[in-house]
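Reckoned from all heavy atoms, side chains included, excluding hydrogens, waters and symmetry mates. Letters A, B, ... mirror the listed sequences (proteins, then strands); counts begin at 1.
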Number of protein chains: 2
Amino acid sequence: MKALSKPKTATIYEVARHAGVSIATVSRALRDSDLVTESTRARVRAAVEALSYTPNQLGRSLAEGRHAANGIVFPDLTGPYYAEVVLGYEEAASELGRSVLILATHGRRDAEAAVLDLAGRVDGLAVMGNTVGDDTVRSIAATGVPLVLLARPPVDGVDTIRTRNERTAAELAAHLLAHGHRRIVFVGDPEAAPDMAGRYAGLAKTMRAHGLPRPDCRPCSYDVEAGERIGAELMADPPDAVVCANDEVALGVHLAAEAAGRSVPHDLAVTGWDDVLAARFAGLTTVSQPMRELGATAARWLDGRIAERTAGPERATPRRRVLPTQLVVRRSCGSHPVETPNPLGGTA
Amino acid sequence: MKALSKPKTATIYEVARHAGVSIATVSRALRDSDLVTESTRARVRAAVEALSYTPNQLGRSLAEGRHAANGIVFPDLTGPYYAEVVLGYEEAASELGRSVLILATHGRRDAEAAVLDLAGRVDGLAVMGNTVGDDTVRSIAATGVPLVLLARPPVDGVDTIRTRNERTAAELAAHLLAHGHRRIVFVGDPEAAPDMAGRYAGLAKTMRAHGLPRPDCRPCSYDVEAGERIGAELMADPPDAVVCANDEVALGVHLAAEAAGRSVPHDLAVTGWDDVLAARFAGLTTVSQPMRELGATAARWLDGRIAERTAGPERATPRRRVLPTQLVVRRSCGSHPVETPNPLGGTA
DNA sequence: CGTGGAAATGAAAGCGCTTTCAAAGCCGAA
DNA sequence: TTCGGCTTTGAAAGCGCTTTCATTTCCACG
C-alpha cells in the first residue's frame, strides 16, 4: 500500500459504477457471455470503452488461481539456436492461452535465485541447457511447479526433452572416415554439457570401431572467435578433419584455416552442428536439429502436466524424449554435396 | 474458486503456522531484514525450507501494486534481428528487477487482442515494428501503461526509438554510385514498414542528386527464398546493383545470381541490411545496427516512465531517439573490402 | 391478477501477499 | 518495583478480480 500518488488505471469498480451495475456483472459481461443481458453487456462495454479499462491480470490470475503464463530459461539468445527454441515454445504456449516469461541467465551469478523467482510467477517452466544446477532443478520441482528440461541432463522425476547427439555424431564420423579422414580432432568440451558429451561419444565410438585412437579434444567457448583461436593453434599440425561442437566454432576454424593458407575441404575437413544460416553460405557440413519443435513440445508437455496437477496429485512417471537430428552434408567435409552445391563458390 | 482438488503449493499461512508466528512476521522475515529478530528469522527460514515454500508472486504483486514485469512485442524471432533486441531488453530489464514477457505476433489475426491482454500483465511495454496498428498503440497508451515503440512509426504522445535508415542508405547509395553502378534496383517494400521506406528514400534521394531516375522497387517478404525468387526474375536483365531490404533477401539474390551464372560483384553488386553472421561469410556489404542497445534503451526508458508515473501523473513530453547505424563494406559491392576480405573465397 | 420457475443481478467471500496500526514485550532508569 | 520508550509481533485491511449463493426480476401460464 504505497502511499504514493496513484496513477490509477481504471478498476472493475469504476467500470461497475459507470455502468450502474455490480462488479460481478462487469466480470461476467467481460467473460461468461451468456449470463448477462445483451443490453447490460452493451452498457458495460460502453463503460469499458469510456474508461479505457483493461482488466488487471494480477487480480484475475490471483482469483483464478493460475498465472496463465509459462516460463523458459536459457543461457543466451545470440545465434539462432535458443531463439528458435523460444519461438517454438512461445508459439505453442500462446496457442494454449499462456503468456511466456523469458529468463536469460548469461553467466549471471544470481541465476539460481532468478530462476527460483521465475518459478513463482508461472504455471510451468522449461529450463534449457547450461543454466542452473541440478540442485536448483530439484528445488523447483519440490515447489510443485511443472517442469521440463531441454537439452540438459535429466534429473530424477523431471521430464526431459533432448535432441539426438550420439547417433548422429556417429553417422558424421562414419562419413568422414569413409572419405579417408583418419586424424580427427573434436573442438568443444564434452565435460561442459551433455549435448557435447554425446557428440564426442558418438565420434569416439565410431573411431574405435574402426580401430582408431580416441580423438583429441580441444575445449573452448562456442563462438566464432574461439573457433578462430583454436583453429589457428591446430594449423601448426593440421589434422585430417575438425569436428566442431557447433557451427560458430566451425566457421571460426574455417576462417583460421583459410588464413593459414589451408584450403577447406582440400587440406582438411571441417564440420559444425546446428545448421545456422551462415553454415549454408559457408558450405559447412553440419547437423540440423528440430529446435522449434523442441520448444513446442516442451510447451505442450507442460500444459499437460499443469492439467494433471489440477486434476489430482498423483505424480505421473517422468517423460523422456529424444528428437531426431539430421546430418547435412555440404562441401566442407570434402564429399558429394547434397544441398546447395557450392552456393557462392564462384565469388572471387 | 475452482472446486478442483487442490495441488496446493505452500502459502504464507502454512509457513506462519509451522514457524509459530503470524503471516506478517513471515512476510517481514522474507524481506524487511531489520524488523525481525534473528531468532525469529531463523525459525521462519526453517519453515520455508521444510515446506519448500516459494512466495506466490501474484499475491505479492497484487499487494505491491506492481507487476515487476515488462513486456515486449515483436513479429518474429527468426533471424538475429529481433532476437538481439529481445536479448538487450531482457538483460536491461532484469538488471532493473523486472521479468520479461514476450509476445510474437507472427501474422496472427488476434494479435491486437493478445497485445492488449499483455498490456494488462506488465508495468511497461515495448512494441516493435510491424505488429499492431496505431489504433492499438493508442488504446494501450490510453490505459496508462508506459509504452515504447521500437523501429516503428511514431504515434502521438508515445516514446519511440529507431535506428538510422535514410542517412546510412544514402551513404550506401553514394558508395555504389562512386563505383560506377548506375542502374540500381531496390528489393523490398517501402510501403510495408517505415524502416524500409527510409532505406528506399535514402537511396532515391542520392540517386536523384546524381541526376539518376528513381530506382525500381521490388516488394517482397524478407527471407532467403523471396530473395531467390526476385533475384531470378532480375537476372533476365540484370541491373548494376541490387540494394536489398535485409540480409536474408540479399543472400537469396546472391544465390539466384550465381545460379544464373552471374558473378557477384563482377556482374552485379548486391547489398543487404542487418549484418547477420551469414553476411560475413558471404562477403555481403550490409549495414550493422545496434540492436542490443535498441532493446536495452527501451527497457531503461520504460523504467524511467514507470517511476515518473508512480511519482505523479504529469505526462511528460514523448521522447524520440534515432540510434546510429554503420555501413559495413564487403566484397559483394565490388569495392575495397575493409573487413574480413574474402573470408572463404578460396574455397573451391 | 397471481404464481412458479427460469434468468439476471448483487453481496460477499476469498485468492496470497504487504503494510499500517495497535498491542505486547523488553530494557534500563528511577 | 515501577515506568517510559524502544523493539518486535500480530490483527486486519486492502490490492483487483472471480465465483458461489442468495436475491431480485421477468415471463408465461393458470
Quickly work out the [X] [atom1] to [N] [atom2] distance and round it to whole Å.
{"X": "B:Glu14", "N": "C:dG16", "atom1": "CD", "atom2": "P", "value": "8 Å"}
{"X": "A:Leu30", "N": "D:dT18", "atom1": "CG", "atom2": "P", "value": "7 Å"}
{"X": "A:Glu64", "N": "C:dA13", "atom1": "CD", "atom2": "C1'", "value": "17 Å"}
{"X": "A:Leu51", "N": "D:dG16", "atom1": "CG", "atom2": "P", "value": "14 Å"}
{"X": "A:Arg17", "N": "C:dG10", "atom1": "CZ", "atom2": "P", "value": "14 Å"}
{"X": "B:Arg31", "N": "C:dC17", "atom1": "CZ", "atom2": "P", "value": "11 Å"}
{"X": "B:Ile23", "N": "D:dG10", "atom1": "CD1", "atom2": "P", "value": "11 Å"}
{"X": "B:Ile12", "N": "D:dA11", "atom1": "CD1", "atom2": "P", "value": "14 Å"}

Can you pull out every side chain to side chain donor-acceptor pair (under 3.5 Å) where at least one residue sits in residues 137-147 of chain A? Sequence neighbours excluded, please.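 Pairs touching residues 137-147 of chain A that pass the test: none.
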Is the shortest side-chain N/O distance from [X] to OP1 or OP2 of [N] below 4.0 Å?
{"X": "B:Ser27", "N": "C:dC17", "result": "no"}
{"X": "B:Arg66", "N": "D:dC15", "result": "no"}
{"X": "B:Tyr13", "N": "C:dG14", "result": "no"}

State whether a side-chain donor-acceptor pair under 3.5 Å links A:Ser61 with A:Glu64.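 No donor-acceptor contact under 3.5 Å links the two side chains.
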Using the side chain to side chain donor-acceptor pair (under 3.5 Å) criterion, which residues pair with [X]? Sequence neighbours excluded.
{"X": "B:Thr25", "result": "B:Ser22"}
{"X": "A:Thr54", "result": "none"}
{"X": "B:Arg121", "result": "A:Ser99, B:Asp117"}
{"X": "A:Glu84", "result": "A:Arg292"}

Heavy-atom contacts under 4.0 Å between residues 55-62 of chain B and DNA chain C, which residues? B:Pro55, B:Asn56, B:Gly59, B:Arg60, B:Leu62
Tabulated below should be each protein N or O lying under 3.5 Å from an N or O of nucleotides 5-9 of chain C; please produce it.
| from | atom 1 | to | atom 2 | distance (Å) |
| --- | --- | --- | --- | --- |
| C:dA8 | O3' | A:Thr37 | OG1 | 2.9 |
| C:dT9 | OP1 | A:Thr40 | OG1 | 2.4 |
| C:dT9 | OP2 | A:Thr37 | N | 3.1 |
| C:dT9 | OP2 | A:Thr40 | OG1 | 3.4 |

Return all side-chain donor-acceptor pairs below 3.5 angstrom for residues 144-154 of chain A, not counting sequence neighbours, or 'none' if the list is empty.
| from | atom 1 | to | atom 2 | distance (Å) |
| --- | --- | --- | --- | --- |
| A:Arg152 | NH1 | A:Asp134 | OD1 | 3.2 |
| A:Arg152 | NH2 | A:Val132 | O | 2.7 |
| A:Arg152 | NH2 | A:Asp134 | OD1 | 2.9 |

What bend angle does the helix from C:dC1-D:dG30 to C:dA30-D:dT1 show across its length, from five-pair end axes and to the nearest 10 degrees? 50°
By side chain to side chain contact (heavy atoms under 4.5 Å, CB included) - contacts of B:Leu35 (at least two apart):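 Partners of B:Leu35 by the side chain to side chain contact (heavy atoms under 4.5 Å, CB included) criterion, ordered by chain and then number, come out as B:Arg28, B:Asp32.
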Show me the donor-acceptor pairs within less than 3.5 Å that the side chains of residues 42-52 of chain B make with the rest of the protein, sequence neighbours left out.
| from | atom 1 | to | atom 2 | distance (Å) |
| --- | --- | --- | --- | --- |
| B:Arg43 | NE | B:Ala19 | O | 3.1 |
| B:Arg43 | NH2 | B:Ala19 | O | 3.4 |

Identify the heavy atoms of B:Thr105 and B:Thr131 that sit nearest to each other, and give their distance.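 Closest approach of B:Thr105 to B:Thr131: OG1-CG2, 3.5 Å.
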Closest non-hydrogen contact found for B:Arg66 with B:Gly97 is NH2-O, 3.9 Å
Closest nucleotide among C:dT18, C:dG10, C:dG14 to the A:Ala24 side chain: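 Of all the options, the side chain of A:Ala24 is nearest to C:dG10.
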Does anything in residues 93-106 of chain B form a salt bridge (charged side-chain N to carboxylate O under 4.0 Å, His left out)? List the pairs, not counting sequence neighbours.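 The answer is B:Arg98-B:Asp123, B:Arg98-B:Asp303.
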